[in-house]
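Have a look at the structure below, then the notes.
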Amino acid sequence: MTQPHRPLRLTVDLAALQDNWRWLDRMSGAAACGAAVKADAYGLGAERVVPALLDAGCRDFFVTTYAEAQPLLPLLGGGAALSLLHGPGRESVAGIAAAPAFVRPVLNSVEQVRRWKEAAPGRPCDVMVDTGMNRLGLTPEEAASGLLEGLTIDTLLSHLACADEDVSMNARQLEAFRTISAKVDARRRSLANSAGICLGADFAFDLTRPGLALYGGIPRVEAEGHIRQVAHVEAQVVQRRRVKAGDTIGYNATFTAPHDMDIAILNLGYADGYLRGFSNKGEALVDGAKLAVLGRVSMDLTAVAADEAPNLGEGDWVEIALDLPEASGQSGLSQYELLTTLGSRYA
């Protein structure tokens, strides 16, 4: 059966992705550089991203749950490892225990430690310790209490809360992690995310875990000029139309035409992850021209100014400006949200 045409395209530049990983790997120094491929590689397709990262040299991957891991299992092996950040839940522990040996749960609580000891004694795992984020992880006191005795711990992890900012909490978390690391027997230690890598060698330990920067995000100014855009979104024009001076465009009439003008209606809206924060702020790109978004972004449609693109018509493609730092500033959305909210209607 012929696949139906889709008027939206999402292009993932795998060469840019690989270059981004290589830069992060160099910035990680002697530490291995892994990759967070959770949330379907931040919305860009983990089953395409993982082979590209393997080809670049990455061997440590991170997802949230065993359900996320399962489509990736046939792609891994040969020295690659997959860590499950949310650990072994009551419903998933049996499946994780029976999974290939390169799959490791991250133990986050006293209950998960006990559950893993019972389900898979001696099988390697990772352990998360909380150093101030108060999200997931054992407290330092729990980790040092003897609870972890009998475990085969591959990687001891913690997570930085404010690495994208120059604040004292970074140094406090670093010192807390050093302290607990000296008390826990683990093969490797891992603290730095994308922004943490940019903080310098002290934060790298044995393994770094970039996410955002792999996919074109700029976590800190140190990454500017080194990280390439990975995701490119294009939409087709549904209709070109003429609007008279004084006419309004879109829901709630938030844009009034200052003069007679042409507009193009794009096959794109907030159901596709182009959220309402881009209303009257976003841009489309065609033949070097920037076409401003006019009015509210609808569920499936967005209007852009078209006078600067006189030949643009129904069925033509435009690129949506999605340089992540710039688009974040336009929309008020985080760079993470811009990626992970991309919908399922793209070719």
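Predicted, not measured: the structure shown is a model, and the values here were computed from it. The chain is numbered in sequence order, starting from 1.
Annotation for Arg241: atom CZ does not count as buried by contact number, only 12 or fewer foreign heavy atoms lying within 6.0 Å. More than 12 heavy-atom neighbours from other residues, nucleotides or ligands sit within 6.0 angstrom of CD on Glu222. Shown here is Asn252, whose CG atom has more than 12 heavy atoms of other residues, nucleotides or ligands within 6.0 Å. Around atom CZ of Arg48, no more than 12 heavy atoms belonging to other residues, nucleotides or ligands sit under 6.0 Å away. Heavy atoms of other residues, nucleotides or ligands lying less than 6.0 angstrom from CD of Gln239 number more than 12. Counted within 6.0 Å of CZ on Arg242, heavy atoms from surrounding residues, nucleotides or ligands total more than 12; the atom is thus considered enclosed.
Taking the six-membered ring for Trp, Phe205 and Phe177 have ring centres closer than 6.0 Å.
Here the closest heavy-atom approach between residue Val297 and residue Tyr274 is recorded as CG1-O, 3.2 Å. Closest of all the heavy-atom pairs between Leu174 and Leu191 is CD1-CD2, 4.1 Å. Taking all atoms of both residues into account, the shortest heavy-atom contact from Thr208 to Ser28 is OG1-OG, 2.8 Å. In plain terms, the two heavy atoms of Trp21 and Gly57 that are nearest each other are CH2-C, 3.5 Å. Scanning all heavy atoms of the two residues, the minimum distance from Ala120 to Ala97 falls at CB-CB, 4.1 Å.
A donor and an acceptor atom, one from each side chain of Thr256 and Asp247, are nowhere located under 3.5 Å apart. Judged by distance alone, the side chains of Thr64 and Glu68 do bring a donor and an acceptor atom under 3.5 Å apart. A donor atom on one side chain and an acceptor atom on the other are not found under 3.5 Å apart for Glu142 and Ser145. Looking only at atom types and distance, the side chain of His5 has a donor-acceptor partner in the side chain of Gln236 under 3.5 Å away. Neither side chain, Arg228 nor Asn20, offers a donor N or O lying under 3.5 Å from an acceptor on the other.
We find that Arg209 and Asp60 are not joined by a salt bridge, their nearest charged nitrogen and carboxylate oxygen being 4.0 Å or further apart. Looking at Arg135 and Asp130, no side-chain N of the basic residue comes within less than 4.0 Å of a carboxylate O on the acidic one, giving no salt bridge. Contact check on Asp25 versus Arg22 returns no salt bridge, with no Lys/Arg side-chain nitrogen under 4.0 Å from an Asp/Glu carboxylate oxygen. Salt-bridge check for Asp126 with Arg104: passed, with a basic side-chain N closer than 4.0 Å to an acidic carboxylate O.
Rounding to the nearest 0.5 Å places CZ of Phe255 at 4.5 Å from CG of Leu294.
Using the six-membered ring where Trp is involved, Trp23 and His226 have ring planes that are parallel, under 30° apart on the 30 and 60° scheme.
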